[in-house]
Amino acid sequence: MAAASAIKAIHQTMLRAAQPARFVELSGMLIPWVAALGAAMFVAGLVDGLALSPPDYQQGETVRIMYMHVPAAWMGLFVYALVAGLGGLGLVGGHPLAFAAARAAAPLGAMFTAVCLITGSLWGKPMWGAWWVWDARLTSMLLLLFLYFGHIALSRAFDDPRRGDKAAAVLGLVGCVNLPIVKFSVDWWNTLHQPASVMKLGGPAIDPSMLWPLLLMAAAFKLIFFALWLVRTRTEVVGARLRAAASRSRMEGER
Amino acid sequence: MNAFVAVLRRDLLLALRDGAGTWTVLGFFAIAVAVFPLGVGPEPQVLARIAPGVLWAMALLAALLSLETLFEADYRDGSLEPLLSGALAPELLVLAKALAHWLATGLPLAIAAPVLGIFLNLPTEAMPVLLASLLLGTPVLSLLGAVGAALALGARRATVLLAVMVLPLSAPVLIFGAGAVESAQTGLAATPSLLILGSVALVALAVCPVAAAAALRQAVE
Amino acid sequence: MNAFVAVLRRDLLLALRDGAGTWTVLGFFAIAVAVFPLGVGPEPQVLARIAPGVLWAMALLAALLSLETLFEADYRDGSLEPLLSGALAPELLVLAKALAHWLATGLPLAIAAPVLGIFLNLPTEAMPVLLASLLLGTPVLSLLGAVGAALALGARRATVLLAVMVLPLSAPVLIFGAGAVESAQTGLAATPSLLILGSVALVALAVCPVAAAAALRQAVE
Amino acid sequence: MPIMSGNPFASPLPPQPFPLMLRDVTAVCGETRVFSGLDMAIDAGGLWLVRGANGAGKTTLLRLLAGLLRPASGASLWGDGRAPRAVPERATLVGHQEALKPALTAAENLAFWARFAGVEENPWPTRSDPFSVWALADVPLRTLSAGQKRRVSLTRLAFARAPLWLLDEPTTALDAAGQRTVWELIAAHRRRGGAVVVTTHAKGTVEGASELHLGDER
Amino acid sequence: MPIMSGNPFASPLPPQPFPLMLRDVTAVCGETRVFSGLDMAIDAGGLWLVRGANGAGKTTLLRLLAGLLRPASGASLWGDGRAPRAVPERATLVGHQEALKPALTAAENLAFWARFAGVEENPWPTRSDPFSVWALADVPLRTLSAGQKRRVSLTRLAFARAPLWLLDEPTTALDAAGQRTVWELIAAHRRRGGAVVVTTHAKGTVEGASELHLGDER
Ligand code: HEM
Ligand SMILES: Nc1ncnc2c1ncn2[C@@H]1O[C@H](COP(=O)(O)OP(=O)(O)OP(=O)(O)O)[C@@H](O)[C@H]1O
Ligand SMILES: Nc1ncnc2c1ncn2[C@@H]1O[C@H](COP(=O)(O)OP(=O)(O)OP(=O)(O)O)[C@@H](O)[C@H]1O
Ligand SMILES: [Mg+2]
Ligand SMILES: [Mg+2]
C-alpha cells in the first residue's frame, strides 16, 4: 500500500516536473551542479588513469586508452536504450517532452559511440595490427552508429516535427535488436575483441588499481552526459516555444 | 480483391514503362557489377573469391535505390490520399505495392544475377544457389523497404534515410545470402543458410505490411 | 559573373539542404562500402586487395546517382527555361552547375574515402594517393556527367541512360584512379597514373561544357 | 455531343449519414494554427462555397473534411457519430494535384481509378465522358496541356460513389465549356442526394448555395 | 499598404526593338500540329489577350514567343530582324510551373532570381513587394498554399527588365486582391513601354487590349 502510494506520488512529481515551464526552471537549477561534479570526477579519473594507475603487464601503456574507450562504449549503449525508451514513452503517452528529450539525447549518444569507435581503432592498431577488423562486436557497434545517424536524420527530416519524432521513435525501438548483439557478440561469436571483464556474472575480473579510475571515468561520463542532456532538452523546449510565437506573429502580420 | 489487383497491375505497368523501374534497376545492377573488374583488376581467382559478396551487395543497393519511389511518387502527385481512403485496407495496399516492387525489381535481379556471375568467374555449381538465395532474399528487401519508405515519406533526404534505416536491418539477409553462395562455391552445403533466409522472409511477410501501414497513416496526416 | 556566382550559390545551398545532395551521396558511399565486408567476408588481406577498386567504383556510382538531378530538377519545376534565356552563356551555366556538383559531391567523396579506406584495411601509405586520385578524378565525373545529364534530360529512364552514356566514358578514369592507389599500395610509383588523370581532367574541362550546353539547348526546344 | 451517355447520375445514392457537422474546429498545419472556432453543417443536397484570401485555409478545410487531417480541437462528426478519419470513403477529394501518372495514358489512368473504386467491368469510357477527354484517351498524360490534365482528373467524378465531393478550385485551367460542365456535374450530384464543398476565388454565386468566408479578405 | 515602394516601374525601359512580328506561323509539338497560319504583331505598350479552348495552343504560342520553340514554318522576328531564339533575354515567361525550389524560402528563391537577372545588391524585398509575400519570406516554399506559391512566383515580375512579358494564366489560384495586382503590374509595365501577352479563360476585356482566339471554342 505504502509502496503504491509512494510510486503514485513520485509519478505525480515527475509529471509536474515535466510541465515545460517547470522543467525549464528545474533544469536551470540542476545543470550547474551536475556539470561541476562531472567535470571534477573527469579530472580525477584522468589523473588516476593516466598517471597513478599501473601499466598493464601485457598491453603496456596502451591500456590507458581503456579509461576513455570503455566508459564511452557503455554510454553509447546506455543512451541508445534511453532514446528508444523515451521514444516509446512518447508514442504511448504522447508527452512532447519525451520526444524532446529523445531528440536531445540522440546526438550525444552518437558522440559517445563515435568516441568508442575511434579510441577502439587507436587501440586496435598496436594490439591487433589493424585499425579495423570486421568482427561481430565492431560491426554491430558501427551499425549502432548508423542507427543513431538514422534517428537524428529522421527526427529532423519533416516540416511537422511531430511526424519526425514518431518516425524516429519507431526506428529507435526497432533498432534495440542491435543492443544485445553488441553486448553479447563477444560471447556468442569467437572474436578478436576481448570479452566482458567488468560487468559480468561473478564480479569484475580486473585489478582494483585499474577498476577505480575506470569507475571514476564511467561516473564522470554519466554526469557530463546528464548535464549536456538537460541543456539540450531545455533548448528544444524553449525553441519550440519560440517557433510557435514566431508563427503566431507571422499569421498576425499577414492579416 | 479487385482493388488489390488494380494496384498491382498499375504499379507493374509503371515499373515497365517509366523510370526507376525494372530497366533502371537492371541497368544499375549490370553496370555496378561491370565496374568491379575495372577497379579490382582482371585476376580470375580474386574475382571469383569476391563474386558472391559483390553480386549480393550490388543487388541490395539496386533494390534499395528503387525503393525510394515506392510511395513517394504517389505521395507527390496526390494519388496516395485516394489510395488510402479507398475500400482497400492499408495493409493490403502495402502488400500489393511491395509485391509489385518485388516482381518488377527483385525477380529480374535474381534472374540477371547468374548471368552477371559468369563475368565474375563464379563457378557454374554456385549458380542455382545464387538464384535461390536471391529469390528468397529479395522479397525481404522489398518488405523491409516498404516500412522504410513509409517512414521516410515526405522527408527531406529520403534516400539516405531509407538506406540508413533499411541497411542495418537487411545486413543479416546479405550475410546469409552471400554466405550460401560462398558455401556452394567451396563445396559446402548451402541449405542451412537458405533455410534461414526463408524463415526471415516469412517473418518479414507477417510483420512488415502492418508496420508500413501504420507509418503510412501517419504520413498523410 | 554575378549570375555565375548566383547559380553556384543556389546549387550549393540546395545540395546542403535538400535530398540528392551532399548527405545522400556521402551516406550512399559509406553504406555501399560498409556492405562489402558483410558480403565478401572479413579477411583483411582480401579486403585490402579489393579496397582501391571498391572505393573508386563506389565513388563513381555515388557521383553517378547524384548526377541525374543535375538539370532534371530545374527542368521539371520550370527553372531551366529562365536559366537558359538569361544573360549567362549556357556554357558558363553548365560550368557553374558542374562546379557546384563537384563541390557538393566530388570533394566530400574524396575527403571521406581515406576514412572508409581504414575500414577496408587500406594501408596508410596509400591514403594520400587515394585522396589525390579522387581529387583529380571526380571533377571529370562531374563534367562528363553534365554532358550525360543534359543528353538524358526529359527522357524516361534517365538514370539508366545516364549510366549507359557516362560509364564507358569514365572507365579510363576508374582504371587509372584505382590503378594509382594500387601502385601506392604495392610500393610502386603512382605519379604516372596521377598525371594521366590530371590531363584527362583538363581535356574534360575544355570539352564538356560546350557539349553539355549544346545538348541543353536541344532539350528545352 | 451528349454530356453524359448512360448517365451514372440518374440513380440516387444509397442513403447516407448526413449531416457532417463541424463544431468549434481548430486546424493546425505543422506548427501553424490555420483557422479556429469553425462551425459548419453539411446536409444532403447541400452546396458550400468556401472563399478566403490565399493561405486562409481553404485547402486545409477540405483535407479536414476528407479525414486526412485531424482537428486540433473541436469535433467533426458524421450524422451517425463517426469521424471522417474513420470513414474516408465517404468523401472524394479533387485537389490542386491531379493524382494521375504522367507515363500512363488518360484511359489507363481512369481505368485504374475506376477499378480501384470497385466499379465493375471497364467503366470508362463506356459509361460517361462529361469532359470530352475521349479524344485524348490514348496519349501519355505528360503530353497534355494543363487544362486537358485537369479535365482527365475531374472525369474521376463521373464514377465516384462517395456522397461528399470536396473540390479544390475545380475550374482552374478549364475553358468556358469545361467550367460549365463542372457546375452541371455538381448540380446533378446534389439532385441525387450528395453534398458538395467547393473552394473558389470567383465572384458570383449558385442557387441554394451556402457561403463560408475564411479569414479576412485582404 | 503601398503596392510598390521604391517603384521599379517609374523609370522607362531602354528603347526596345518592337514590334515582334509573327507571319504565317505553324507550331508543332512532338508530332502534333498545334496551330498554323498565325499572324500577330506585338508593339511597345501593347497587350494581347490570348484565348481558346483547352489544348488550343496558348501555352505553345507563349513558348514560341519566348524563343523556346522554333516555328515549324513561317517567320517570327523582332523589329531588328533577330529571332526570339537568339535573344531570349527580351522575354520573361511566367508559366504554369513556378520555377521555385520547394526547399528554399521565398526570400532565397527571389534573391536568387534577382541576382541571376543582374539586379545589383539584394533587390528583394527592399525594392518592392506587390504581392505582399514579405510575411512569408522565411518559410520553406514547400509549406505555402497554392496561391501563396503563385504570388511568390509572380513577384519575379517586379524586377524583370525584359520588355516582353509572357504570362500563362497568371491569375490562377490568386484571390481577388492578387488578381487586381496582376492587372496593375501589367498596366504599369505597358506605361513604361513594355508589351504583355496574357493567356486567360476569364471573360471580360481590358482597355486597349488586342484579342487572339486560337482554335474553335468548344
Ligand atoms: C573500433 C574498435 C572497437 C570497438 C567498436 C569496441 C567496442 C567495445 C564495446 C561496445 C565495449 C562495451 C562492451 C560491454 O559493455 O560489455 C567494449 C569494451 C571493451 N573493449 Fe572494446 N572495442 C574496440 C576495440 C578494442 C580494443 C582494440 C581493445 C583492446 C585490445 C578493446 C578492449 C576493450 C575492453 C577491455 C573492454 C571492457 C570489457 C568489459 O570489461 O566489459 N576494445 N569495446
Ligand atoms: N510533347 C508533346 N507531344 C505531343 N503533343 C503535345 C506535346 N506537348 C503539347 N502537345 C499538344 O499540344 C496541344 C497544345 O497544348 P498547349 O499546352 O499549348 O494548350 P493550351 O492552349 O495552353 O491549353 P490549356 O488551356 O489547357 O492550358 C495540346 O493538344 C497538347 O496535347
Ligand atoms: N506543412 C505546413 N507547415 C506550416 N504551414 C503550413 C503547412 N501546410 C500549410 N501551411 C500553411 O497553412 C495555411 C493554409 O494553407 P491552405 O493551403 O489551406 O490555404 P488555401 O486557403 O487553400 O490557400 P490558396 O487560396 O492559396 O489555395 C497557409 O498559410 C500555409 O502556409
Ligand atoms: Mg488551396
Ligand atoms: Mg496552357
Side-chain angles (χ1 to χ4, degrees), chain C residues 1-24 66 69-97 100 104 150 153-156 213-221, chain E residues 27-30 59-60 62-72 84-105 107-123 140-142 149 153 156-157 159-162 164 166 168:
Chain C
M1 211 53 220
N2 231 336
F4 184 91
V5 176
V7 173
L8 184 65
R9 273 176 58 168
R10 183 192 64 157
D11 272 26
L12 283 176
L13 195 62
L14 281 171
L16 290 175
R17 199 174 291 174
D18 208 22
T22 305
W23 300 112
T24 309
S66 61
T69 46
L70 192 59
F71 301 112
E72 189 76 20
D74 283 338
Y75 180 69
R76 269 198 224 139
D77 69 13
S79 299
L80 193 59
E81 302 182 345
L83 281 177
L84 281 175
S85 36
L88 192 66
E91 287 76 14
L92 286 176
L93 177 69
V94 170
L95 205 62
K97 288 188 78 82
L153 198 59
R156 281 152 282 161
L216 272 189
R217 281 209 203 82
Q218 279 290 325
V220 278
E221 168 100 322
Chain E
V28 173
C29 266
T59 301
T60 309
L62 294 192
R63 287 174 51 79
L64 200 138
L65 292 173
L68 293 166
L69 190 76
R70 214 194 297 267
R85 258 183 95 72
V87 281
E89 66 274 16
R90 286 186 189 163
T92 295
L93 172 66
V94 180
H96 291 301
Q97 288 162 309
E98 258 103 28
L100 301 170
K101 297 290 168 190
L104 302 185
T105 67
E108 286 166 338
N109 270 298
L110 288 172
F112 165 69
W113 283 117
R115 224 177 272 124
F116 184 78
V119 181
E120 289 84 22
E121 300 165 45
N122 194 347
L141 213 79
R142 121 178 62 78
K149 278 185 199 145
S153 183
R156 284 188 289 149
L157 290 176
F159 44 77
R161 297 292 293 166
L164 178 61
L166 305 168
D168 204 356

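Below, all heavy atoms of this structure are taken into account, side chains as well, without hydrogens, waters or symmetry copies. Proteins come first, then strands; the chains are lettered A, B, ... in the order of their sequence lines, and each starts at number 1.
No other option in C/Pro82, C/Ser85, C/Gly78 has as many heavy-atom pairs under 4.5 Å with chain E as C/Ser85. Ranked by heavy-atom pairs shorter than 4.5 Å toward chain C, the options E/Asn109, E/Leu104, E/Leu69 are led by E/Leu104. Chain C forms the most heavy-atom pairs under 4.5 Å with one residue out of E/Ala99, E/Pro140, E/Ala162, and that residue is E/Ala99. Annotation: maximal heavy-atom pairing with chain E below 4.5 Å, among C/Leu80, C/Leu84, C/Leu83, C/Val7, occurs at C/Leu83.
Looking at E/Leu93, the atoms closer than 4.5 Å to chain C (heavy atoms on both sides) all sit in the side chain, from C-beta outward. Looking at E/Arg63, only its side chain comes within 4.5 Å of chain C, counting heavy atoms on both sides. Within the 4.5 angstrom heavy-atom criterion, only side-chain atoms of C/Arg9, from C-beta onward, approach chain E.
Rounding to the nearest 0.5 Å places CG of C/Leu14 at 6.0 Å from NZ of E/Lys101.
Here the shortest heavy-atom pairing between C/Asp77 and E/Leu100 reads OD2-O, 3.5 Å. Nearest heavy-atom pair across C/Tyr75 and E/Gln97 is O-NE2, 4.4 Å. Closest non-hydrogen pair, C/Ser79 versus E/Trp113, comes out as O-CH2, 3.6 Å.
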